[in-house]
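Before any comments, here is the structure.
These numbers come from a predicted model, not from an experiment.
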Amino acid sequence: MVVTPSGGLCVRDLTKRYGAVTAVSGVGFDVRPGEVFGLLGPNGAGKTTILECILGLRRPDGGSIAIDGLDVLAHPASARTRVGAQLQSATLQDKITPREVLELFGSFYPHPASANELLTTFGLAAKANAPFQSLSGGQRQRLFLALALVNRPTVTVLDEPTAGLDPESRRDFHRLITGLRDAERCVMLSTHDLDEAERLCDRVAILAGGRIVLIASPSELVTRSGRSAKVYLETSCTLDAAKLQAMAGVNAMERRGPGWELDTTDAAGTVAALARAVDEANGRLVELAIRRPTLKDVYLSLTGSAWPAAENPKADESAAGRTAGSVP
């Protein structure tokens, strides 16, 4: 028997093997309505396998999945009506229009969302009758998100939804995801972009080697990591190095060109002490910059491995790219 919070997604002890390789081992989490929940990890961490099991594209070897209390493994057909997905790679026929494809996919469900409303919501009304091949990359991504919502799902799964988008399209897409949360949607977001996860997600799960290392909000993860902030300063006056080292929170310092970089566990206290020191020396701050710990720093502290500098999201741990077109 599966127990899940009402209106949410519940995953318990999920395990999936491919031959001798265990891609996912004992993974569990809940996603609540009105929450964007992020899955973070490099290629091979198990993200896509987890999403495919939730979507019914792969059957797990162990564990349970439930949506609105409905056992996904025992009732796969019913469960699929409660979930929408935008996977890594998807395409449509060149000549089909946004209106046609929304009406087509809507016909698969008993109570679909209005095609006109979706076109308006996702900024596609002007392109409603244009062929798919004429849409820009951002417009195509918005259409795929609209398709993911055509069945009014409880859970919306987004796998690398902004990969390859230009900055403006990415910002537009972020606003749409925020809108889903505000509408009390249950959103699962898998991304390689840690800055994106930090901006959008209410909670994130850090994955490594098919296991969840920790689940918390981005800010809580940063706090728990114990990572220090970096304060760079450049002044018109000379400050005593020993005085800088003794400032609140400072545990290390290094000369950086004309200025200093201070490693501090109390950025606010350090900056306040710097302002006083500069004022006492009758000088002025020429430059001041604060770099707080990021999820990349957190990942390093939790797993002992640096986040890969560049990844190809198409080459994830399973065949999601080949099956993406089968799930709107």
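- For the atom pair CZ of Arg152 and CZ of Arg185, the computed distance is 8.0 Å after rounding to the nearest 0.5 Å.
- Side-chain contact between Ile96 and Pro131: absent, with no pair of heavy atoms (C-beta onward) separated by less than 4.5 Å.
- Using modelled atom types, one side-chain atom of Thr81 and one backbone atom of Ser78 make a donor-acceptor pair closer than 3.5 Å.
- Contact between Ala90 and Phe144 at its shortest, heavy atoms only, is O-CZ, 3.5 Å.
- A donor-acceptor contact closer than 3.5 angstrom is absent between the side chains of Gln141 and Thr162.
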Quiz item: After noting the C-alpha distance and the side-chain angles of Glu117 and Thr120, does the key distance pass the side-chain contact (heavy atoms from CB on, under 4.5 Å) rule?
Solution: CA-CA 5 Å; Glu117 289 180 6; Thr120 300; 5.8 Å; no
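- Donor-acceptor pairing under 3.5 Å is recorded for the side chains of Asp159 and Ser190.
- Counting all heavy atoms, side chain and backbone alike, Ala229 lies closest to Ala267 at CB-CB, 4.1 Å.
- Heavy-atom neighbours of Glu287 CD from other residues, nucleotides or ligands within 6.0 Å: above the threshold of 12.
- Looking only at atom types and distance, the side chain of Ser169 has no donor-acceptor partner in the side chain of Asp172 under 3.5 Å away.
- The minimum heavy-atom distance linking Cys53 with Val72 is given by the pair O-CG1, 4.5 Å.
- A salt bridge (charged side-chain N to carboxylate O under 4.0 Å, His left out) with Glu52 holds for exactly one of Arg58, Arg59, Lys47; it is Arg58.
- A distance-only check finds no donor-acceptor pair linking the side chain of Gln245 to the backbone of Ala242 [under 3.5 Å].
- Remark: Glu100 does not engage Lys95 in a salt bridge, criterion side-chain N to carboxylate O under 4.0 Å.
- Both Tyr109 and Leu147 are part of a single hydrophobic cluster, where members link through side-chain heavy atoms under 4.5 Å apart.
- For Gly56 against Arg80, the heavy-atom pair with the smallest separation is O-NH1, 4.3 Å.
- Linking Ile, Leu, Val, Met, Phe, Trp and Tyr whenever their side-chain heavy atoms come within less than 4.5 Å puts Phe108 and Leu149 in one cluster.
- Of the possible polar contacts, none joining the Thr270 side chain to the Thr264 backbone as a donor-acceptor pair under 3.5 Å is found.
- The cluster map of Ile, Leu, Val, Met, Phe, Trp and Tyr, joined by side-chain heavy atoms under 4.5 Å apart, puts Phe105 and Leu176 in the same cluster.
- Using a 4.5 Å heavy-atom cutoff, the side chains of Gln139 and Leu124 are in contact.
- A 4.5 Å side-chain heavy-atom check between Val24 and Pro60 finds every atom pair outside the cut-off.
- Under the 3.5 Å distance criterion, with hydrogens and angles disregarded, no donor-acceptor pair is assigned to the side chains of Ser217 and Arg203.
- Looking at every heavy atom in both residues, Gly34 comes nearest to Asp202 through O-OD2, 4.1 Å.
- Within the 4.5 Å cutoff, the side chain of Ile54 has no heavy atoms near those of the Leu14 side chain.
- Between the side chain of Asp263 and the backbone N or O of Lys230 there is no donor-acceptor pair closer than 3.5 Å.
- Judged purely by atom type and a 3.5 angstrom limit, Arg142 uses its side chain to pair as donor or acceptor with the backbone of Phe122.
- The shortest side-chain heavy-atom distance between Leu102 and Thr97 does not fall under the 4.5 Å cut-off.
- Open room surrounds CD on Gln93; 12 or fewer heavy atoms of other groups in view lie less than 6.0 Å from it.
- Neither side chain, Arg82 nor Asn151, offers a donor N or O lying under 3.5 Å from an acceptor on the other.
- Asp61 and Thr15 form no side-chain donor-acceptor contact under 3.5 Å, judged by distance and modelled atom types alone.
- Using a 4.5 Å cut-off on side-chain heavy atoms (C-beta onward), Val83 and Thr154 make no contact.
- From Asn116, atom CG reaches atom OG1 of Thr121 across 10.5 Å, with rounding to the nearest 0.5 Å.
- Note: Met247 CE to Arg276 CZ = 8.0 Å, rounded to the nearest 0.5 Å.
- Asp30 has a carboxylate O that lies under 4.0 Å from a charged side-chain N of Arg12, or vice versa, which qualifies the two as a salt bridge.
- Cluster membership check: Met253 does not share its hydrophobic cluster with Tyr232, using side-chain heavy-atom separations under 4.5 Å among Ile, Leu, Val, Met, Phe, Trp and Tyr.
- Annotation: cation-pi geometry satisfied between Arg140 and Phe132 (NZ/CZ under 6.0 angstrom from ring centroid, within 45° of ring axis).
- Rounding to the nearest 0.5 Å places CG of Leu189 at 11.0 Å from CG of Leu180.
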Quiz prompt | Derivation and outcome, side-chain contact (heavy atoms from CB on, under 4.5 Å), residues Ile206 and Ile215 | solution = CA-CA 6 Å; Ile206 301 290; Ile215 298 176; over 6 Å; no
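- Distance CZ/Arg181 to SG/Cys201: 8.5 Å, rounded to 0.5 Å.
- The distance from atom CG of Leu145 to atom CD1 of Ile177, rounded to the nearest 0.5 Å, is 7.0 Å.
- Proximity of Thr178 to Leu200: side-chain heavy atoms (C-beta onward) are separated by under 4.5 Å at one or more points.
- Under the 4.5 Å side-chain contact rule for hydrophobic residues, Leu135 and Phe173 share a cluster.
- For Ala197 against Pro218, the heavy-atom pair with the smallest separation is O-CG, 4.1 Å.
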Exercise. Show the numbers, then the answer: is there a side-chain contact (heavy atoms from CB on, under 4.5 Å) between Asp13 and Ser64?
Key: CA-CA 7 Å; Asp13 201 26; Ser64 63; over 6 Å; no
Quiz prompt | CA sep, side-chain torsions, deciding dist, call: Val204, Leu39, side-chain contact (heavy atoms from CB on, under 4.5 Å) | solution = CA-CA 6 Å; Val204 296; Leu39 288 178; over 6 Å; no
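- The cationic group of Lys16 lies under 6.0 Å from the six-membered ring centre of Tyr18 and within 45° of the ring axis, placing it in a cation-pi geometry.
- Looking only at side-chain heavy atoms (C-beta outward), Phe37 and Phe29 come within less than 4.5 Å of each other.
- Within 6.0 Å of CZ on Arg211 lie no more than 12 heavy atoms contributed by other residues, nucleotides or ligands.
- Using a cutoff of 4.0 Å between basic side-chain nitrogens and carboxylate oxygens, Glu234 and Arg256 are not scored as salt-bridged.
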